[in-house]
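Model, not experiment: these values are computed from the prediction. Keep in mind that the numbers below use all heavy atoms, side chains included, and drop hydrogens, waters and symmetry copies.
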Amino acid sequence: MSNIIQVKIPDIGADDAVEVIEILVKEGETIEVEQSLITVESDKASMEIPSSDAGVVKSIKVKLGDKVKEGSLVLELEAAESAQAAPAAEPAKAEATPASKAEAAPAAATAAAGGEQQVTVQVPDIGDARDVDVIEIMVQVGDTIEVEQSLITVESDKASMEVPSSHAGVVTAIKVKLGDKVSQGSDILELTVQGAAAAPAKAEAAPAAPAAAAAPAASSSVVVGAGAPAPERVSPTAAFAQAEGSLRNLPHASPSVRKFARELGVDLAKVHGSGDKGRITADDVRGFVKQVMAGGAAPVIAAGTAAQVGGLDVLAWPKVDFAKFGPVETQALSRIKKISGANLHRNWVMIPHVTNNEVADITSLEALRKELNEEYKKSGARVTMLAFVIKAAVAALKKFPEFNASLDGDNLVLKQYYHIGFAADTPNGLVVPVIRDADKKGILDIARETGELAAAARDGKLSAAQMQGGCFTISSLGGIGGTDFTPIINAPEVAILGLSRSSMQPVWNGKEFAPRLMLPLSLSYDHRVIDGASAARFNAFLATMLADFRRIAL
């Protein structure tokens with residue numbers, strides 16, 4: 001025998017309707033008492049609504065975006081008569097109540113009208129939360145704030161909430177910092193208030209609401225919710241804290257940031273959080289909007305079957321037993337590959353790459369290179385095409401200074417020196433030695449230094465100093481092959497040049513096709529700093545320099 005049980009929204013300590021932002025169960029699912037059903041969010045907090053009964057979900061009565069309040073029907077359960085836990089219904093309802101709302105008691109005494117008073121604002125009753133993290137400070141010293149203006153955002157394992165001010169006044173000192181643990185009664189900040197404004201106002205930290213407030217003295221601590229200690233309560237979702245798998249895919253952000261994102265139409269699932277534990281800040285949302293406007297933001301795979309990998313919502317890495325398909329051998333990655341792999345992954349994910357491809361006519365330059373090698377072979381000098389490209393790259397960097405830069409927040413750091421890195425292939429992986437002050441060195445000096453650094457790299461004798469300070473990197477695959485490729489930018493640089501194998505090609509000279517030696521140039525650039533037109537001009541200028549190297553002297 002079975003019957004239908006209606007599960008409704010309990011008292012959540014809010015007068016206004018709140019929005020359903022997540023549905024955590026589906027029809028046909030068997031749920032337990034106190035299992036979270038939906039997540040709702042007000043302007044001040046997000047919270048999970050637990051079930052008062054156990055059973056099988058027959059129908060869900062809400063959908064994403066609905067507004068609900070106390071008494072709203074969430075879903076219907078079909079429960080066997082023996083499984084019903086009628087006595088538990090009321091306690092569950094009581095536990096779901098974040099706090100009873102109560103008017104702050106009037107102050108026993110107030111300062112004289114017009115007189116200044118120092119008031120310490122403290123954390124009010126925030127329900128069963130203890131030692132919650134301060135994840136956002138929303139005011140600063142000198143700010144003039146209003147009653148019930150949000151001061152800080154705190155976060156427990158299950159919800160984040162904003163703590164409002166009980167007084168209006170001017171902030172004279174902030175008593176907390178990001179990452180601090182606070183509980184009811186912890187000092188938040190000090191205010192200078194005027195006259196009657198010193199009387200405590202009704203203040204609520206959703207989802208919990210305050211009780212009576214103590215009267216301020218000339219220099220007082222106002223504890224919203226002081227008096228009888230709050231009864232010990234059990235979190236309605238505590239039973240699921242250790243559950244396997246993620247019960248929710250809600251982006252890690254405070255309610256104010258969620259509201260801000262909704263106002264801008266931003267899907268927080270696509271925003272990378274720069275805060276502690278990947279928390280999304282208002283600046284992250286602004287940066288995402290700027291990136292979208294610049295055409296640099298890429299969509300992220302939607303959550304659901306996704307997993308958190310490297311801070312992104314992507315499909316979980318497949319686990320495969322390769323040995324069952326045939327013989328295998330396992331080799332540990334070299335130290336260089338481990339380090340460079342992590343850096344390359346970060347650079348590819350964080351930098352919006354675009355690659356511009358160009359070809360340079362190096363017929364005359366190759367003839368000059370052979371002539372110089374013949375002339376200087378007795379001295380042991382060996383001029384490579386890379387030396388010419390480094391010198392030409394310096395000329396291009398001087399003409400287009402935004403390529404000789406690094407991005408620092410919202411600022412572009414333009415460098416007045418020209419240190420050129422080049423990718424060197426070693427048995428353990430790629431490393432990038434740096435030619436310092438390449439603008440002050442001749443072709444023979446650059447050729448000699450690249451040879452010495454490449455030899456040191458192969459022998460594993462490069463020092464850390466020899467791989468630091470680069471402004472621009474050149475990756476040459478000409479000795480191996482290929483027509484073009486997309487080199488990954490070596491952060492914090494904003495561009496990298498890739499060289500592929502040169503080849504003889506028929507080129508129209510206005511009268512006929514003539515054989516010319518053409519060198520492919522692949523320029524990857526950071527689209528946040530450099531636009532496509534600038535990249536095309538840079539590559540075209542570089543090709544011109546290589547086609548007629550006499551222009552370097554201009």
Side-chain angles (χ1 to χ4, degrees), residues 18-26 29 35-49 60 62-68 74 133 135-136 138 153-162 206-207 237 240-241 243-318 345-353 527-528:
V18 291
E19 184 178 353
V20 177
I21 63 171
E22 192 173 20
I23 297 174
L24 304 170
V25 295
K26 57 187 177 181
E29 184 176 343
Q35 180 172 338
S36 296
L37 305 177
I38 61 174
T39 304
V40 297
E41 183 176 62
S42 66
D43 289 341
K44 298 295 183 183
S46 58
M47 66 194 86
E48 295 175 1
I49 303 300
I60 297 174
V62 294
K63 60 182 182 298
L64 292 179
D66 279 359
K67 298 286 188 178
V68 296
V74 178
D133 290 325
I135 63 171
E136 190 173 15
M138 309 172 78
T153 303
V154 297
E155 184 176 60
S156 67
D157 290 341
K158 292 298 180 183
S160 57
M161 63 194 83
E162 294 175 5
T237 54
F240 302 94
E244 292 186 4
S246 176
L247 290 175
R248 46 187 292 165
N249 295 305
L250 201 61
H252 189 17
S254 67
S256 60
V257 171
R258 295 183 196 282
K259 182 180 179 183
F260 180 52
R262 285 198 299 270
E263 290 171 350
L264 296 179
V266 172
D267 181 359
L268 285 179
K270 299 180 180 179
V271 180
H272 174 74
S274 62
D276 187 35
K277 299 177 183 177
R279 181 177 58 82
I280 300 170
T281 66
D283 286 340
D284 294 330
V285 176
R286 294 188 189 98
F288 179 83
V289 172
K290 290 179 182 178
Q291 204 169 338
V292 170
M293 296 301 291
V300 180
I301 297 175
T305 58
Q308 282 288 325
V309 179
L312 298 176
D313 282 325
V314 295
L315 292 176
W317 197 261
H345 177 252
R346 176 202 60 203
N347 297 349
W348 182 253
V349 170
M350 298 298 293
I351 300 174
H353 282 65
H527 208 348
R528 297 172 299 178

* Check L24 against S36 and note the closest heavy-atom contact, atom names and distance. => CD1-CB, 3.5 Å

* Asked: CD1 of I280 to NZ of K270: how many Å apart, nearest 0.5 Å?
  -> 13.0 Å

* Structure fact -> Between the CD1 atom in I351 and the CZ atom in R346, the distance rounded to the nearest 0.5 Å is 7.5 Å

* **Pairing residues for D284 by the salt bridge (Lys or Arg N to Asp or Glu O under 4.0 Å) criterion, not counting sequence neighbours** => none

* **Side chain to side chain, V68 and V74, heavy atoms closer than 4.5 Å** => no

* Structure fact -> D283 meets the salt bridge (Lys or Arg N to Asp or Glu O under 4.0 Å) criterion, sequence neighbours left out, with R286

* Show the numbers, then the answer: is there a side-chain contact (heavy atoms from CB on, under 4.5 Å) between H272 and V349? => CA-CA 10 Å; H272 174 74; V349 170; over 6 Å; no

* Hey, what do you get for CD1 (I49) to CD1 (I23), rounding to the nearest 0.5 Å? -> 12.5 Å

* Give the intermediate values and the outcome of side-chain contact (heavy atoms from CB on, under 4.5 Å) for residues T281 and E136. => CA-CA 8 Å; T281 66; E136 190 173 15; 5.9 Å; no

* To do: Kindly give the heavy-atom pair with the smallest separation between E29 and Q35, and that separation in Å.
  => OE2-NE2, 3.5 Å

* **From E41 atom CD to E48 atom CD, the distance as rounded to the nearest 0.5 Å** => 12.5 Å

* Inter-residue atom distance I135.CD1 - M161.CE, 0.5 Å rounding -> 10.0 Å

